[in-house]
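Everything below concerns the one structure shown next.
Keep in mind that the numbers below use all heavy atoms, side chains included, and drop hydrogens, waters and symmetry copies.
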Amino acid sequence: MIDLRLLREDPDTVRASQRARGESESVVDDLLRADEDRRAAVQRFETLRAEQKQLGKQMPRASGDEKTALLQRTKELSAEVKAAEAAAGEAEQRLRRAQMAIPNVVEQGAPAGGEDDYVVLREVGAKPAIDNPRDHLELGEALRAIDMERGAKVSGSRFYFLTGVGALLQLGLFQLALAQAVEYGFTPAITPALVKPESMEGTGFLGAHASEVYRLEADDLFLVGTSEVPLAAYHSDEILQLDSPMRYAGWSSCFRREAGSYGKDTRGIIRVHQFDKVEMFSYCRPEEAHAEHLRLLAWEEEMLAKVEVPYRVIDVAAGDLGSSAARKYDCEAWVPSQGRYREVTSTSNCTTFQGRRLNVRYRDENGKPQTAATLNGTLATTRWLVPILENHQQPDGSVRVPKALQPYVGGRDVLEPRR
RNA sequence: GGAGACUUCGCCUAGUCUGGUCUAUGGCGCCGCACUGCUAAUGCGGUUGGGGUCUUAAAGCCCCUCCCGGGUUCGAAUCCCGGAGUCUCCGCCA
């Protein structure tokens, strides 16, 4: 939900943002009109209401003819007030709908254009020279770490079991992530995976992404696609003390329907219906958000360095941002079997967009409540096992374990295939 | 799953039976001022949030806000209906 004050004072900024995203500018004018309509309707109602209250006050003291006249006028007013109130309510709803239709205003400096118009900010680490690399599934099956076949037998396509060193590696990765987060002052959190519609709505996932989300109809609950959802809703309708950013590291399973991705990444655990993730989430003052965003990115890169995989950082183009984000940086790890980089982290600055929907506020220097900014970023996911296995593979099918993960696989520095 | 109790402006709380003077009481906390060698104590004042209007800004004025949504009424914190949440008890179950 964008800021109506910004819209009124500087509609051209919002129009420019829509252009950068490749989306309609006319919705901006729709919103401006809805805003004016609502204010007019509210004023009509308030004027009538004020008269009604005024006359109501005279009622107990009136008597005789005076009272009869008063009663007659207030009876008329009563109906008028009711109608005006209903009209104002409808105008309010139209405004809300128009406001929901506009995605967040893109941050200055974000590249314009669509999915392929990202800008590579840097490449870090040397790609390993591997002849005929095995892919993560071949390696994972040999290690008895990943079992897709039984995943499909039990739950269907895009499901899997992590077993043995696969399970240990994932748990180790997450503990490493959580330990790093705690070191930097994050509050670790294990979050609900099922949330109410308003939590889903507030984070902006029921708009364009609605078909991606699992819904439990019988209970009117949604399975979250990321712990960003419960963490953003965690402080909804609250006024926070935000002298410095409030940071949470959420650990949860994540569920995605992957509708419309038939045939894409069907092999292995790159694109699955259920995976686990440690997610950083930050509440801060809007003026602090840009700097916080860069800090989240730095923490993601620190984690990638710990697992010793080469990666690049891209500045995602405006058209590929998603409705809540004003700016987004992805880290993409090198995947030798594919000869390309694949997304392993994503950090978004949502500015006050989610905060406004979820009513998360803080008090400024004057003690006035203001809308808080929110940001999120990935610290580790199941998908990370892909570049970890592939980049550290050796010609015999064994896999070296990055030093930071060795304590979690019984101190081993190499994982050997089982026969 | 069944029964009951409760939900008031940060926290606690009065008010609901008997509708208007509720522009919501008091305490705690917090902020300011006074007193005080300092602290404490005391006294005085302030302190829900949202929206609109006016304004460079502030102040002012108006409307909404007593869990949420309907209804009754000239008028609802208060009466009626529906819903949500919390707690207690019973039943069932990991």
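- When side chains are defined from C-beta on, His235(A) counts as touching Met246(A), because their heavy atoms get closer than 4.5 Å.
- By the ring-ring contact (aromatic ring centres under 6.0 Å, His included) test, Phe275(A) is found to be paired with no residue, residues two or more places apart in sequence or in another chain being considered.
- As rounded to the nearest Å, C66(B) and G49(B) have P atoms that lie 16 Å from one another.
- Every residue two or more places apart in sequence or in another chain that forms a ring-ring contact (aromatic ring centres under 6.0 Å, His included) with Phe186(A) is listed here: Trp299(A).
- Of the side-chain N and O atoms in Gln43(A), one or more sit less than 4.0 angstrom from OP1 or OP2 of U53(B).
- As the counterpart of C93(B), no nucleotide is assigned, since no Watson-Crick or G-U wobble pattern has both distances under 3.5 Å.
- C74(B) is paired with G20(B) under the Watson-Crick or G-U wobble criterion, all donor-acceptor distances under 3.5 Å.
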Show me the protein contacts with nucleotides 61-63 of chain B, counting only N or O atoms at under 3.5 Å.
unit_1 : atom_1 : unit_2   : atom_2 : d
C63(B) : O2     : Glu46(A) : OE2    : 3.3

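- In terms of phosphate contacts, Lys82(A) brings a side-chain nitrogen or oxygen within less than 4.0 Å of OP1 or OP2 of U72(B).
- Under the side-chain hydrogen bond (donor to acceptor under 3.5 Å, both in side chains) rule, Thr345(A) has a single partner from Glu332(A), Arg383(A), Glu300(A), which is Glu300(A).
- Taking only side-chain nitrogens and oxygens, Arg363(A) never comes nearer than 4.0 Å to OP1 or OP2 of G10(B).
- Put simply, Ser78(A) has no side-chain N or O that comes within less than 4.0 Å of OP1 or OP2 on U73(B).
- Look at Arg38(A) and you won't find any side-chain N or O under 4.0 angstrom from OP1 or OP2 of G51(B).
- In this structure, the CD atom of Glu92(A) is 13 Å from the P atom of U65(B), given to the nearest Å.
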